[in-house]
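Numbers here simply count residues along the sequence, with the first being 1. All heavy atoms count here, side chains included; hydrogens, waters and symmetry mates do not.
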Amino acid sequence: MTFLIPLIPLLPLAGFAITGLLGREMGKQSHKVAVWAVVASWLVAMLVAFGALSHTLGFDAAGAGIKLWDWIPATGFHADMGFFVDPLTACLLIVVTTIGMLVHIYSIGYMAHDEGKWRFFAYLNLFMFSMLMLILADNFLLVFAGWELVGLCSYLLIGFWFPRRSAAEAAKKAFLVNRVGDMGFALGIMAIWTQLGTLNMQAVFAKFAGVPHEWQIAIALLILCGAIGKSAQFPLHVWLPDAMEGPTPVSALIHAATMVNAGVYLIARCNPIFGTVPEVMVIVAAIGIFTAIMAASIAFTQTDIKRVLAYSTLSQLGYMFASLGVGAWTAAIFHLMSHGFFKGLLFLGSGSVIHAVDGEQDMRKMGGLARKIPITYVTMLIGSVAIAGVPPLAGFFSKDEILGGAFKNGFLWVWAIGFVVAGMTAFYMFRLMGMTFWGQSRVDPEKEHPTHESPPTMTRPLILLAIPAIFLGLLIGFPPESGLLHQWLAPVFEATITASGRTEAAYSFFGIDGVLAIGTTALVAVAIVMAWRLFGVNMPALGLHAEPRPDRVRELSERQGLAELYRGSSHKWWFDDLNNLLFVVWGGKLAAAVFWFDRTVIDGTVNGIGTVTTGAGMRLRQVQTGRVQNYALGIALGLIAMAVGYILIAVR
């Protein structure tokens, strides 16, 4: 069945071409080709994933691939156009195609009245093609092609409403910040070629142990640069919150299914490379866990519902990077899968909320929506419980497996910070639920009257995403560290784990694993109760009369003398201001000085020489009159001058 693999990315590509060329003429039906192309791609992907995970239909434990043609058959350099599917690829196929399909269906209702709907669906199809090519590619050069196409699609979709200045600037910001990381990845690919003479992934992994250690470190760090950019880790995290300027389905696609997962996938795919350089693994863990707590601290104070979820994505991606860095490879992919479903649910749910309140995104102007949009409320509550890590929902199993892996592999500092982040996550998510759905309505009266539940095209994807948010952990992650997912991914990571000298100890509910899980769950429960107490409904029967107010966190921070911390969090710790100072203000002044030096000194010198030469030529050419008598006169005068000079010399 390997012959079906190329259809997975080619179907969305065909949908993009048809919708892009004919969509304007299709009118209200412009979405149909794009949606059916993704549905067909999903069906093929599920069949291929089943074969790869069950080792049937022509797939074995090591995976199987297909070569389409010689892409670059140059002398001394060769790259194929080929795809490869193993259990890791299959897991990504499940996430990308399933969530991508549901986002497409959701977009039918969300973008129903947008004049550029045909263009939007064409871009969505191109985004799906790009991400699918990235994860299916069997060589680094083809991965990089998909990598750059994903960046292009993010630019097009974040800036989809380009007449709005903030959207255009957010698209440029995402594009430029990602170019920094992509440059590192490109240099890493060049270094791989110079050291190994091939870009085929399986060949690179097989030969990488023979590369000099300093080059191993350099290659791993350069690949990490690319992953940091795409997965928005510190210090290249600043583009992701601004990506909220795009339509909400785009946010769901970027945050749950496509772009931000690319960096996690790349490091996991390159586990034979990173497994040989433990010093780089520590850097991966440090960047990840710092991003996790930094982003969680910012989410505490944000008032835009989509920005809270954006910083939540940064934090959860930090968990995944930390998991990769401590060597808990399978746990990172487990969290990628579970996060994809409940974060897709939360983003699409936020879009349903925004749709209900006529485009409002400020949670301070919401409240009391639970009774008015009950399907959205219940599904978002499920997503919030899942991301908080409450058992037995999916987030509990994947998050606790990461923390347990960090603890057992000796990264106690990663576990400690991750433990705190778990409590912070539960608090800010239920702050979001309280400000949006509980208490009294604060919706503008002009927007409150038409408030209603979203159409079925939007609510059905929410219900479908809520199902894996509840059951995915039990289905593929239980029992912990020996469930289906571990069995699937064992062939992918086993060699790296063995080479590192680590052995995965069996999970024990009655040992340290159970103690850690109970401790984390208790912290999560306390955080939820705190958020409910501050932002929840009044319950006079229980003696709870406090009126929930959206600014309770600010009030409490001021009361406790922590106003500066609140201010720093609400200003996103001034990272954007710092970047503006370094690269716009100071960088602009440096660029202006360099421009002055180039224009005045370099160009001035060259142009001055040219001016002198040109002036001299202009004056000398006046001698060239073209008249014979003038030339004869000149000769005569010259002879007279020579004669006079000779006489004067002779007289002396």
Seminar exercise, completed: All heavy atoms of Leu149 vs all of Ser130, minimum pair found to be CB-OG, 3.2 Å

For this session: Measure across Phe274 and Trp329 and return the closest heavy-atom pair with its distance rounded to 0.1 Å.
Result: CB-CH2, 4.0 Å

For this session: Taking the side chain as every heavy atom from C-beta outward, state whether Tyr428 and Ser315 have any atom pair closer than 4.5 Å.
Result: yes

For this session: Apply side chain to side chain contact (heavy atoms under 4.5 Å, CB included) to the pair Ile5 and Phe84, showing each step before the final yes or no.
Result: CA-CA 8 Å; Ile5 296 174; Phe84 179 81; over 6 Å; no

For this session: Without swapping roles, check the side chain of Ser352 against the backbone of Leu348 for a donor-acceptor pair under 3.5 Å.
Result: no

For residues 87-102, tabulate all N or O donor-acceptor pairs below 3.5 Å that involve a side-chain atom, not counting sequence neighbours.
residue	atom	partner	partner atom	Å
Thr89	OG1	Asp86	OD1	3.0
Thr89	OG1	Arg269	NH2	2.7
Thr97	OG1	Leu93	O	2.5
Thr98	OG1	Trp42	NE1	3.0
Thr98	OG1	Ile94	O	2.6

Problem set entry | Glu360 side chain near Ile354 side chain, heavy-atom distance below 4.5 Å | no

For this session: Would you mind reporting whether Leu10 and Leu13 have side-chain heavy atoms less than 4.5 Å apart?
Result: yes

For this session: Of all the heavy-atom pairs spanning Trp71 and Asp80, show the shortest one and how long it is.
Result: CB-C, 3.8 Å

For this session: Answer yes if the ring centres of Phe397 and Phe334 are under 6.0 angstrom apart, and no otherwise.
Result: no

Problem set entry | Exercise: identify the closest heavy-atom pair between Gly344 and Leu465 | C-CD1, 3.8 Å

Exercise. What pairs of residues pass the ring-ring contact (aromatic ring centres under 6.0 Å, His included) test when at least one of them lies in residues 126-156, not counting sequence neighbours?
Worked result: Phe144-Phe185, Trp147-Phe185, Tyr155-Phe175

Seminar exercise, completed: Quick note, side chain to side chain donor-acceptor pair (under 3.5 Å) partners involving residues 18-28, not counting sequence neighbours, are none

For this session: Please assess Tyr311 against Lys572 for the test side chain to side chain contact (heavy atoms under 4.5 Å, CB included), listing each intermediate value before the final yes or no.
Result: CA-CA 10 Å; Tyr311 281 106; Lys572 300 168 283 188; 2.7 Å; yes

Exercise. Quick one: does His255's side chain get under 4.5 Å of Met244's, heavy atoms only?
Worked result: yes

Exercise. Closest approach of Met259 and Gly151, non-hydrogen atoms and distance?
Worked result: CE-CA, 4.3 Å

Exercise. What pairs with Trp118 under side chain to side chain donor-acceptor pair (under 3.5 Å), at least two apart in sequence or on another chain?
Worked result: none

Exercise. Sequence neighbours excluded, which residues qualify as ring pair (Phe, Tyr, Trp, His ring centres under 6.0 Å) partners of His31?
Worked result: Phe121

Problem set entry | Electrostatic pair Arg164:Glu169 at N-O distance under 4.0 angstrom | no

Exercise. Is there side-chain contact between Val264 and Leu324, with at least one heavy-atom pair below 4.5 Å?
Worked result: yes

Exercise. Can you list every pair that meets side chain to side chain donor-acceptor pair (under 3.5 Å) and has a residue in residues 47-67, with sequence neighbours left out?
Worked result: Ser54-Thr56, Lys67-Asp70

Problem set entry | Side-chain (Ser107) to main-chain (Val103) donor-acceptor, under 3.5 angstrom | yes

Exercise. Would a 4.5 Å heavy-atom cut-off, applied to side chains only, mark Met128 and His104 as touching?
Worked result: yes

Exercise. Will you find, in the side chains of His78 and Asn200, an N or O donor that is under 3.5 Å from an N or O acceptor?
Worked result: no

For this session: For side chain to side chain contact (heavy atoms under 4.5 Å, CB included), just list the numbers for Leu199 and Val204, CA-CA rounded to whole Å, side-chain angles, deciding distance to a tenth of an Å, and then say yes or no.
Result: CA-CA 7 Å; Leu199 294 179; Val204 168; 5.6 Å; no

Exercise. Is Gln302 close to Leu432 at the side-chain level, that is, under 4.5 Å between some pair of heavy atoms?
Worked result: no

For this session: Could you walk me through whether Phe160 and Asp114 pass the side chain to side chain contact (heavy atoms under 4.5 Å, CB included) test, one step at a time?
Result: CA-CA 11 Å; Phe160 179 76; Asp114 196 292; 3.9 Å; yes

Problem set entry | Under 3.5 Å donor-acceptor, Glu453 side chain and Thr376 backbone | yes

Exercise. If we only count heavy atoms from C-beta on, is the Tyr110 to Pro249 side-chain gap below 4.5 Å?
Worked result: yes

Exercise. Under 6.0 Å between the ring centres of His237 and Phe575?
Worked result: yes

For this session: Measure across Met458 and Gly351 and return the closest heavy-atom pair with its distance rounded to 0.1 Å.
Result: CE-O, 4.3 Å

Exercise. Of the options Gln316, Lys399, Glu401, which is the one that meets His335 in a side-chain hydrogen bond (donor to acceptor under 3.5 Å, both in side chains)?
Worked result: Gln316

